[in-house]
Each structure stands twice: as C-alpha cells, then as structure tokens.
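Read the numbers this way: they start at 1 and go in the same order the structure lists the ligands and their atoms.
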Amino acid sequence: MRIGISCYSTFGGSGVVATEVGKALAARGHEVHLLSPSVPPRLLGFEDRVTFHEVTASPYPLFEAEPYSIALASKMADVASHHGLEIMHAHYAIPHASAALLARLAVDGKLKVVTTLHGTDITIVGSDPSYLPMVKLAIRASDAVTAVSQYLRDETYRTFKVDRPIEVIPNFIAPFAGQRPDCRSWLAPCSSPILVHISNFRPVKRVMDVMKVFEKVRAQQPARLVMVGDGPDRAEAESYAREKGFESSVRFTGKQLDIDTVLACSDIFLLPSATESFGLAALEAMAHKVPVIASRVGGLPEVVRHGVDGYLEPLGDVDAMAEDALTLLRNCNLRKTMGASAQERALSTFAEAPIIDQYEALYEQALSGSKTSVDLGAKAR
Ligand code: GMT
C-alpha cells in the first residue's frame, strides 16, 4: 500500500506512535510518506521506503497567523496525487484529520482517511467549543477511526455523540536495543535510587505533584529525581526545588531523544497526570522493568495493573504516591518483581507486530469500502 502519515513532530506521544507505525509499515514493504512541520525525532536515520515531507505555511502580510491546516491539506493533496497515496493516516484530530478530509476532496475522493484519536484532541482541546464541530465532522467523515484506549473510545462517544464504529488499537512498544550505556553514575552520583518523570510539562501532567511526591520521598530516604522533557510548567518545578532546597537532588535534562538509556537506569516512573488517554511514557518505562506510580485516570488502568506493574492512586494523592515509592525503594525484591511483570506485560500485550497487523487490516477494510467493525478492536485487548 502507499500510505501517508500526518502527525506533529513531538518527542513523545502521538508523534512517536505515528512515526513508529510508519517505520513498521515500511519494514513490511509498504511505501510510507510522513508529513509533519519538522522531522519527527523518532525518524532518526535513513529508513527505506519512508519519505519525509515538511509542511510549511508561507507567511503573508494579511495573515494574523499562518493557516497551517490549509498548508497541510495542500501538502497532503499534493503528495497523494503525485505518489498515488491510497490512505492518509491522520494522528491527532486537530488539524490532521480535518486537513485529510479536505485533501480527500481535493483528489476527488481517491484517498481513504484513517484517523487515530490520541487524547487531548478529544478530552481537552477537541471538546472546546472553538474546535468541537470540526472534530466531530472529522470523526464522522473519516473512513476509519481508531482510539488508543477503550477509555478514549468511550469518551469520544460521550462527548461527540457520534454513531460510527471506532476501533480500539492501543499504542505499542517499538523494538529497542536491550543493552544501554550505564548512565546511573551520571544521573545519581551518590548511587541513590532514581525516580523519573518524562513528559511535555503541560498542566495536564501535574509536574508539581511529581515534585511534591519526590519531596516527601527524599525526606525519608536519599533519592534522585530525573525530570525529562520541557514545557510550560518546567520553570515552576525548577523554582520549587530551589525554594525547598533540594535542587541538587533533581536533574532537569530537557528534551531527550534517548529515553531508553534514562529508563534503563531508573527505579520508579512517576506519572500523576490529571488525565491520560493511554500513557505511552508509562508503557515505555514498563518495557524497561521500571514500575509505574500514576494517577488512576483515563486509560492508565488499561496499561498499568495496580499492585502488579506499579500503583494507581487517586488524582492528586501525593501522600499515597510517596508511600508507594517508599514501599518500592525499601523492598528491592518487590521492585524487581513488579518491574519484571511490567516488562512482561509491555512486551507481550503491547508488542508491535500484532498492533501493526490491526492497522494493516483496518487500511484494507477502508480500501475495500467496507464499514470498519468494532470486532477489530476486540483483537487489541
Ligand atoms: O494529547 C496530548 O496531550 C498529546 C498527545 C501527544 O501527542 O503526545 O498525548 C496523548 O497521546 C499519547 C499517544 O497516544 C498518549 O499516550 C497520551 O496519554 C495522550 N495524552 C493525554 O491523554 C493527556
């Protein structure tokens, strides 16, 4: 198949999933065209059968802001017609799915649109009145729609009241090199255990809860906190550590491409988010045998089993999360057992190949014009 994939070039989340889907499809012999505002970080080296197309919205004095969605739709139509694309797979509804529908019109319907809903495109920004009607249209008019968790599928039906099948195709673990350089001494010079958080530091991630959990943990025993990523709430978190006098125990690394190396030497992953449709970063931690302590929200219970792969606590309950962390730090065997369960689950339930099979099957169904069935989602669980 000739497949277009449209995504944001993010370090995590939808940008990672979209790029890894593209790479896996190309490895199976499909021709993949990736469209994004800049090269997605996971498209590191040369990948056979993957072509990157940069989407640029040219400025014009009349524009108050460049109309990225129109430039994206134009690029999609252009790539679709010149490369004979059959499928445009839009990751994150805004604006990728809406742009793909426009592109489908521009090429006289000779393009099937598959939309993957990732999270805040439904739960936060997508339900904002300024976007809702167009997100709803994108969901209704796509040839196939997937959601990354059962929770997100239910939320989509609840918020948008759409009457169409939405398949649940969960996120997955892309293959990674087993042996990583040992960065433990670099991250924790006094060989203290390492707690880690990886995110885009947006309000939804509640990074201040991470700081408070860590503050409580280190009051009881030595530990290091590694904060990977960047975003609007980083400055507040950094000043909190300074104000409370524990800045020397916290390492803010900024955005990192190689999160596998960081995770491979971490002991506990913290994800106290306000909502999380799936929690890809938690799954990545699990793949590295790192137990997860997270809030019991959204799709996280579909990924992390409480008491098995880590702990799920009520939103904002930093006391409970700190207690869980201390339990794990004081009981090395428990930490190892949970880490092993977490890895087993990540690499089996969320293995790449069966999930790519599901995307392929969905594309085939979209191309054959048959309605995508809800049964396909059942295979994902
Ligand atoms: O929705 C977002 O905030 C961004 C999005 C992304 O592009 O990073 O994250 C969402 O998609 C990820 C990949 O499917 C999920 O693992 C995240 O849980 C989800 N974020 C939220 O629901 C907050």
**Report entry** Shortest non-hydrogen contact from Val145 toward Ile139
**Finding:** CG2-O, 3.5 Å
Report task. Heavy-atom distances under 4.0 Å are what count here, so tell me which part of Leu280 touches ligand 1: side chain, backbone, both or neither. Result -> both
Report task. Give yes or no for whether the N/O distance cutoff of 3.5 Å, strictly under, is met between Val204 and ligand 1. Result -> no
Query raised in the report: Taking 4.0 angstrom as the limit, do Glu86 and Lys112 come out as a salt bridge?
Result: no
Requested in this report: Output the distance between atom CG (Leu362) and atom CG (Asp357), rounded to the nearest 0.5 Å.
Outcome: 12.5 Å
**Report entry** Stepwise ring pair (Phe, Tyr, Trp, His ring centres under 6.0 Å) check, His33 with His53
**Finding:** CA-CA 7 Å; His33 292 265; His53 303 268; 5.0 Å; yes
Report task. Compute the shortest N/O to N/O distance between Thr120 and ligand 1 and return yes if it is under 3.5 Å, no if not. Result -> yes
Requested in this report: Number the atoms of ligand 1 from 1 as they appear, then name those within less than 4.0 Å of a heavy atom of Gly279, with their elements.
Outcome: 15 (C), 16 (O), 17 (C), 18 (O)
Query raised in the report: For ligand 1, which part of Tyr92 has a heavy atom less than 4.0 Å away: the side chain, the backbone, both, or neither?
Result: side chain
Query - ligand 1 contacted by Arg202 (non-hydrogen, < 4.0 Å) - result: yes
Report task. Report yes if Ser14 has an N/O atom closer than 3.5 Å to an N/O atom of ligand 1; otherwise report no. Result -> yes
Query raised in the report: Do NZ/NE/NH1/NH2 and the carboxylate oxygens of Lys75 and Glu54 come within less than 4.0 Å?
Result: no
Query raised in the report: Can an N or O of Asn171 be found at a distance shorter than 3.5 Å from an N or O of ligand 1?
Result: yes
Query raised in the report: Taking only heavy atoms of Thr275, which atoms of ligand 1 are found under 4.0 Å from at least one of them?
Result: 23 (C)
Query raised in the report: Do side-chain atoms of His306 reach the backbone of Leu312 as a donor and acceptor pair under 3.5 angstrom?
Result: yes
**Report entry** Val17-ligand 1 polar pair, N/O distance under 3.5 Å
**Finding:** no
**Report entry** Approximate separation, where rounding is to 0.5 Å, of Lys23 NZ and Arg42 CZ
**Finding:** 6.5 Å
Report task. Just jot down the ligand 1 atoms closer than 4.0 angstrom to any heavy atom of Val148, in number order. Result -> 14 (O)
Query raised in the report: Hey, would you say the Tyr363 and His30 ring centroids sit under 6.0 Å apart?
Result: no
Query raised in the report: Does atom CZ of Arg140 have more than 12 heavy-atom neighbours from other groups under 6.0 Å away?
Result: no
**Report entry** Closest approach of any protein heavy atom to atom 11 (O) of ligand 1, naming residue and atom
**Finding:** His118 O, 3.2 Å
Query raised in the report: ligand 1 and Ser277, any nitrogen or oxygen pair closer than 3.5 angstrom?
Result: yes
Query raised in the report: Closest non-hydrogen protein atom to atom 8 (O) of ligand 1, residue and atom name please, with distance?
Result: Gly13 CA, 3.1 Å
Query - Donor-acceptor contact below 3.5 Å, side chain Thr10 vs main chain Gly15 - result: yes
Query raised in the report: Got an N/O contact under 3.5 Å between Glu276 and ligand 1?
Result: yes
